[in-house]
Amino acid sequence: MEVIITKDYDEMSKEAAKIIREQIVSKPNSVLGLATGGTPIGTYKELVRMHKEEGLDFCKVVTFNLDEYIGLPPSHDQSYYYFMWENLFKHVNINPENVHVPAGIIADFEAYCNWYEEEIKKAGGIDLQLLGIGGDGHIAFNEPGSSLTSRTRIVTLFEQTRKDNARFFKSIDEVPYFAITMGVGTIMEAKKILLIANGKKKAKVVAEFIEGPITSMITASVLQLHPNCTVVLDEEAASELKYAKEYRWMYENKNRIKDFQFK
Ligand code: PGA
């Protein structure tokens, strides 16, 4: 796992957007896995800027979102479909046919979840998966206790997650109880993972998932087993890491390998 510690939310967002830009430039038809929540808003803002000012081209990019609330139609202003169009898709030249956000209103849950997994496979798998992390260590809506090999499915949200997300709704009563989410196993199949986290509130869980044991009680901890995972943090989110100094040192010195000469 590569850990990059930035000064603040703004720098974290710019660093994450740079990594996504590199992916799109090196493979214009990249398949991106995308996340919602408060954390990635700045990253999407920066990607929109790159599109408008630098011509970053999304015309061949394919996207799959991690999750969606069950019961919310795409037109609901708290649906993740709505979030993605508001914060990214409508501002860039993405082909709407290439966008996949799981549906929140589904007749046959099991058939739909299998179809979503198949669509990811048909697209060639996810090249780069962007993730946030919940206060309880969840990635997507894989709450503590989710199997580390789980696939796309319907889950019940923890009460704490409903409380955390109530800030986006008029009241907690409006927060759905269920969601459709990619599984931990689905996420682990992405070729590259980029997890972002900011703020003091995430510091404890960030230290736990990076430096603690791998456990389904903190589903993000399984990323320790991913061969290509980058974590971008701000100083506050990094404040409880035991090896913060070492991660910084490694990052600052990583380009030295380019000048390395065998004698
Ligand atoms: P947040 O949510 O970005 O709103 O903090 C992260 C998550 O729950 O995955």
Side-chain angles (χ1 to χ4, degrees), residues 6 8-13 15-17 20 32-47 64-70 72 77-84 86-88 101-102 104 126 129-146 150 152 155-169 172 174-184 186-188 190 193-210 216-223 226 229-240:
T6 62
D8 53 21
Y9 180 76
D10 193 44
E11 256 192 33
M12 177 204 76
S13 302
E15 186 66 36
I20 298 170
L32 302 181
L34 297 178
T36 51
T39 316
I41 290 176
T43 304
Y44 294 147
K45 222 179 235 166
E46 179 64 5
L47 286 173
F64 285 90
N65 262 79
L66 286 168
D67 44 20
E68 179 61 284
Y69 289 117
I70 292 295
L72 298 193
D77 67 358
Q78 289 311 322
S79 75
Y80 289 162
Y81 179 93
Y82 190 93
F83 175 102
M84 288 310 303
E86 282 303 304
N87 287 291
L88 179 65
V101 180
I126 290 169
Q129 175 67 58
L130 177 65
L131 296 174
I133 181 169
D136 62 8
H138 69 216
I139 44 175
F141 273 132
N142 294 287
E143 301 284 32
S146 296
S150 53
T152 302
V155 293
T156 311
L157 301 178
F158 271 26
E159 189 54 14
Q160 189 56 50
T161 300
R162 290 186 65 248
K163 281 186 191 153
D164 287 348
N165 291 359
R167 68 190 196 275
F168 300 118
F169 290 81
I172 186 150
E174 285 186 17
V175 186
Y177 285 81
F178 303 99
I180 175 169
T181 182
M182 277 189 207
V184 183
T186 322
I187 293 168
M188 283 296 281
I193 305 266
L194 169 59
L195 187 147
I196 53 177
N198 71 288
K200 196 88 203 125
K201 256 174 48 193
K202 299 282 172 76
K204 184 167 170 284
V205 81
V206 160
E208 282 170 343
F209 98 84
I210 295 174
S216 66
M217 292 299 118
I218 295 171
T219 50
S221 65
V222 76
L223 298 174
H226 196 283
C229 176
T230 299
V231 179
V232 183
L233 306 169
D234 73 346
E235 268 173 15
E236 287 187 353
S239 60
E240 291 192 31

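Atoms within a ligand are numbered from 1 in the order they appear, just like the ligands themselves. What's counted below: heavy atoms across the whole structure, side chains too, no hydrogens, waters or symmetry copies. Quick caveat: nothing in here was measured; it's all calculated off a predicted structure.
Here the side chain of Tyr177 pairs no donor or acceptor atom with the backbone of Leu157 at under 3.5 angstrom. In terms of modelled atom types and a separation under 3.5 Å, the side chain of Asn142 and the main chain of His138 share no donor-acceptor contact.
The protein residues lying under 4.0 angstrom from ligand 1, judged by non-hydrogen atoms, are Gly37, Gly38, Thr39, Gly132, Ile133, Gly134, His138, Arg167, Lys202.
Of the charged side-chain nitrogens involved, none lies within less than 4.0 Å of a carboxylate oxygen, so that Glu159 and Lys163 do not count as a salt-bridged pair.
Across Ile139 and Ala220, no two heavy atoms sit closer than the pair CG2-CB, 3.8 Å.
The shortest side-chain heavy-atom distance between Ile187 and Leu66 falls under the 4.5 Å cut-off. Side-chain contact check for Thr161 versus Val175: every heavy-atom pair is 4.5 Å or farther apart.
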